[in-house]
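Structure first, commentary second.
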Amino acid sequence: MTIADQSVGRTRDGMRHFQFLVVGNAVSAYGSYLDMVALNLFAYALTGSAWQTGLIMALRLATGFLTGFGAGTLVSRFDRKRIMVTSDVTQALALIVLVLAPAVTQVWLLYLVAVVSGAGATLTNVALRSSIPEIVGQDQRVRANALLATGRSIAMVAGFASAGVLIATLGYSGAFLIDAGAFLFSAVNLARLPITTRGSESESGPGSESESGPGSESQVPGVLAAQLTALRYLRLTPILLALISLRAIDAFGSASHNVGLPVLSTALDPEHPATFVSQFWATWAIGNIVAQRAVARWATRTGRSVGERAFALGAALMSIAFILTFTAPPMPLAILVAAMAGIADGFTEIAYTTRLQSAPDEQRGHVFGFSAMAENLGFGVGMVACSFLLERFSPLTVVTTFHGLAVLLALAMVVALSLRRWSRK
């Protein structure tokens, strides 16, 4: 057997194993989305305080942001598969403890669950994204990212759609136990898969990040060293830093429509405020899945990847679609706009992840950790800012301002990349 045949065989095995991983990750994502709804409702039912409910949500976001500081170090030094399994098991145990705990302690345990959920989601996200090129090979990462994103999109629709029914039927305890079961299924599924999540030349020892010496990152505390390592690499590849910056601004804009959609839906139909939101996200999800499958087929047929300009154009289109949503167009046009938002969102997710995965394995974990930190920061700041502004301005004004910033930055990136390509020619 030739070396080429062996490489093809490894790629085929890696993709087959990755498909099983996608199933487990989708089940885990279903638990996360169900948990997102159930935990927020349970927090309000238990405390009767909108302030405490918001604080628990903010704590979850803040934990995700802070975890991004150290996630790069963890996934670069330790086995990524073990990190993902541990994250799933820990989230499951936290939910089980919450269900079994006496009612008097459940209020305080909610804060613990928020911390565990925020940290676990970030660690799993960073570890999995940075592992994909090692599992399936660099040439298959577009297809793999599309499969993963499709599974998560389906899980999101299922999680949000079933949350109300499950909570009404089984209560909060039953919903939390289903969440825990989803995380445990993902952990067992992943643990049994014979996959490689690290590059063959990557070292996992504590001193693998850099050589010792004056001013090196090995002399700096681990959390700060991770960011210095990522920034040093990103300084040498400014296009990645630009992509992460646009992604952070995109997350900042996304906060506005996440907070604004319930306000808009209530204004459109005060008696049935959930109708428009449900229709919008269902249509968005369909467009999201269609885009992901189309990109996967295109990448398989052509063997090409999605470029930076295409990502920036997709980000601009997505923000424009969300702005148009808040103009309250007629229903046929609203469905079209929601589908356009989903298509653009699905496309940019694959383009962004695939581009960051082109980083060397020893730097990839740090890059994704830095990205997670930037995305959580953008979304968290956006949530606080738009919640404040929606008390004073209309949802259309707030969303246009937030997403308009993303459109301007995206178009500026398209112009800069086009000029760079023109100058090279």
Side-chain angles (χ1 to χ4, degrees), residues 36-37 40 50-51 53-54 57-58 61 153 156-157 160 245-288 291 311-349 374-415:
M36 194 179 300
V37 176
N40 292 338
W51 179 83
T53 303
M57 294 174 62
L61 285 172
S153 296
M156 186 190 76
V157 175
F160 286 156
S245 300
L246 177 55
R247 188 72 167 182
I249 296 300
D250 179 56
F252 179 77
S254 295
S256 67
H257 69 250
N258 275 279
V259 177
L261 274 172
V263 179
L264 174 64
S265 187
T266 302
L268 292 175
D269 189 353
E271 294 185 1
H272 304 91
T275 301
F276 178 78
V277 173
S278 300
Q279 291 174 345
F280 176 86
W281 285 120
T283 308
W284 174 92
I286 293 172
N288 199 269
F311 164 74
L313 286 171
L317 179 62
M318 177 176 61
S319 290
I320 291 171
F322 278 116
I323 292 172
L324 291 175
T325 298
F326 282 81
T327 63
M331 184 54 67
L333 185 57
I335 292 174
L336 180 63
V337 169
M340 183 174 72
I343 290 171
D345 206 350
F347 174 80
T348 54
E349 170 67 22
E375 290 179 62
N376 280 308
L377 177 63
F379 191 75
V381 172
M383 289 283 283
V384 174
C386 68
S387 297
F388 174 78
L389 291 173
L390 280 170
E391 296 291 333
R392 293 159 177 79
F393 303 99
S394 68
L396 176 60
T397 301
V398 175
V399 172
T400 301
T401 302
F402 279 51
H403 273 295
L405 181 61
V407 172
L408 291 176
L409 183 58
L411 294 179
M413 183 179 294
V414 171
V415 172

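For the pair I323 and L396, the tightest heavy-atom approach, listed with the atom from each and the gap, is O-CD1, 3.8 Å. A pairwise comparison of heavy atoms in F379 and A251 identifies CD1-O, 3.5 Å as the closest pair. When every heavy atom of A315 is checked against every heavy atom of T348, the shortest pair comes out as N-CG2, 3.3 Å. Heavy-atom minimum distance, L261 versus T325: CD2-CG2, 4.4 Å. Heavy-atom minimum distance, A344 versus G314: CB-O, 3.5 Å. The heavy-atom pair separating A312 from V414 by the smallest distance is CB-CG2, 3.6 Å.
Rounding to the nearest 0.5 Å gives a distance of 6.5 Å between CG of L411 and CD1 of I320. Rounded to the nearest 0.5 Å, atoms CG (L61) and CE (M383) are 6.0 Å apart. Remark: T283 OG1 to M340 CE distance equals 13.0 Å, nearest 0.5 Å.
No side-chain heavy atom of F347 sits under 4.5 Å from any side-chain heavy atom of L317. Within the 4.5 Å cutoff, side-chain heavy atoms of F326 are placed close to those of H257. Within the 4.5 Å cutoff, no side-chain heavy atoms of F393 are placed close to those of T401. Looking at heavy atoms from C-beta onward, M156 lies out of side-chain contact with N288 at the 4.5 angstrom threshold.
Put simply, the side chain of N258 gets close to the backbone of S254: a donor and an acceptor are under 3.5 Å apart. Between the side chain of S319 and the main chain of A316, no donor-acceptor pair closer than 3.5 Å is present. Side-chain N or O atoms of T400 include none that pairs as donor or acceptor with a backbone N or O of T397 at under 3.5 Å.
Taking the six-membered ring where tryptophan is involved, the planes of F322 and H403 are essentially parallel, since the angle between them stays under 30° and well short of 60°.
Pairs of residues two or more places apart, or lying in two chains, never qualify as salt bridge (Lys or Arg N to Asp or Glu O under 4.0 Å) while including a residue from residues 387-406.
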